[in-house]
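Starting off with a structure, shown below.
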There are 2 protein chains.
Amino acid sequence: MGETHEKSEPRGRLSTTDWEQAALHVLAEGGVSAVAVESLARTLGVTKGSFYWHFPTREALLKAAIDRWEQRDEDEVISRVERIADPHERLRELFHRVSREVQSHLVYAALLQASDHPLVQPVIERISRRRLALLTQAYGEAGFDARAAAHRARLAYTAYSGFLQLNQSHGMPRMDQEEYEAYVDHVIATLIPA
Amino acid sequence: MGETHEKSEPRGRLSTTDWEQAALHVLAEGGVSAVAVESLARTLGVTKGSFYWHFPTREALLKAAIDRWEQRDEDEVISRVERIADPHERLRELFHRVSREVQSHLVYAALLQASDHPLVQPVIERISRRRLALLTQAYGEAGFDARAAAHRARLAYTAYSGFLQLNQSHGMPRMDQEEYEAYVDHVIATLIPA
DNA sequence: GGCCCTCCATACTTGCGCGTATGGTTATGC
DNA sequence: GCATAACCATACGCGCAAGTATGGAGGGCC
């Protein structure tokens, strides 16, 4: 009768990692408030009795999931981009990366939405500083003086996070792939000097 | 002993307008979730018994407050800017307006944070469309072809909303007035053709 | 094959904020 | 100056999601 469709194969026992990944999944879809223990337990095919064995509290899960995400972001984006020598190329790579790796950006968008949450706020702050620093550095090496580099970096970063925000509102007309590519090209042409 | 400091002079009776303005105030400060009836009642020096005489529900207050804000925005921003003939001048005015009228933008930032709320979502959608249309129109008149105008408008708008977002996180180093002016100048120079 | 440790289910408690019920107080028409 | 309506206080009910208590099922170790 009331069979709720669990998606993640209720294969036997669970580990803390399973919970963290499931949390990241619903976080990307429904935001921080969607990370609820009973709801999560249902999608994993268990009850919250299981949850409170692996984690002491909901906040603990949230923190663990976010930490995991932040770590992946650090490893697979920042460090990879940083070792590109040519600043122009580095900036282009940065802009193009937004097109791919959708999941990661969805999580970031969800965190932005909840930046007032005491657990999320420091994360957002760290990420923002890191990305702003990365952009500022690149613009500096590209020939901008310190002040202009900081400004341009801020402009690029806010355009990025504002873009995520705009695409959150599901009422907005979703861009198709072609339109999206054209937009990214426009942004690159506008924000990166020839 | 437990005197809570009410700010808005508990002058006798209240009207629905008083509640709406108080709601807008806390909305700008603490977001949608801060618009709570008991909390609001305290700051107004009354109890919620008063509230539920003026409004049938919390949602009703939220809607009334947001409607009021949207109306003011329509009157004091959109209509005023629209009648500026020169598109370049119109865009500059638009960018500069963000510096002033802080309250209005704080409310908008708060609404952006809660764009998943069923009551807020349509508002955000309307405002976004309206402002994007305004920008697209201006860029079109400034000599951009349709596609480029749409892209540049989107870039400008997302930079705007991302800026609000960034300044929300109180952990971020707040810019002082001088730095802020310089940034706006940089944005104008970058996003508005000479 | 008895024991324990891991993992999970069931049933309960708790805190918080919305909403309701009802009665009291201040203004206003006549 | 008194009745009626506007405005507000107090006390309660209720739903929801987090957290707790406790016991049960299943696999590994000797």
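FYI, side chains are in, hydrogens and waters are out, and symmetry mates aren't considered; it's all heavy atoms of this structure. In this text, all values refer to a predicted model and were calculated from it rather than measured experimentally. In what follows, chains are A, B, ... by sequence order, proteins preceding strands, each numbered from 1.
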ask   = Do A:His151 and A:Phe144 have ring centres separated by under 6.0 Å?
value = no
query = Rounded to the Å, how far apart are A:Glu38 CD and C:dC12 P?
reply =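 For the pair A:Glu38 CD and C:dC12 P, the rounded distance is 15 Å.
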request  = Please say whether the positively charged group of B:Arg90, taken as NZ for Lys or CZ for Arg, lies over the ring of B:Phe95, i.e. under 6.0 angstrom from the six-membered ring centre and within 45 degrees of the axis.
outcome  =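 Not flagged: B:Arg90 not positioned over aromatic ring of B:Phe95.
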key: Length of the CZ-P vector between B:Phe55 and C:dG17, whole Å   = 20 Å
message = Contact between A:Arg72 and A:Ser104 at the side-chain level, heavy atoms closer than 4.5 Å - yes or no?
response = no
ask   = Does A:Thr57 make a side-chain N or O approach to OP1 or OP2 of D:dG19 shorter than 4.0 Å?
value = yes
message = If the cut-off is 4.0 Å, is A:Arg13 near the phosphate of C:dC7, judged by side-chain N/O to OP1 or OP2?
response =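 Result: no.
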key: A:Lys48 NZ to D:dA21 P, straight-line distance once rounded to whole Å   = 13 Å
inquiry  = Is A:His54 close enough to C:dC8 that one of its side-chain N or O atoms is under 4.0 Å from OP1 or OP2 there?
reply    = yes
Rounded distance (Å) that lies between atom P of C:dT26 and atom CG of B:Leu14 =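 Roughly 15 Å, once rounded to whole Å.
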request  = Please report, rounded to the nearest Å, how far the P atom of D:dC16 is from the CZ atom of A:Arg58.
outcome  = 17 Å
ask   = Between D:dT10, C:dT6, C:dG19, which nucleotide has the shortest distance from any of its atoms to the side chain of B:Tyr52?
value =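 So the nucleotide nearest the side chain must be C:dG19.
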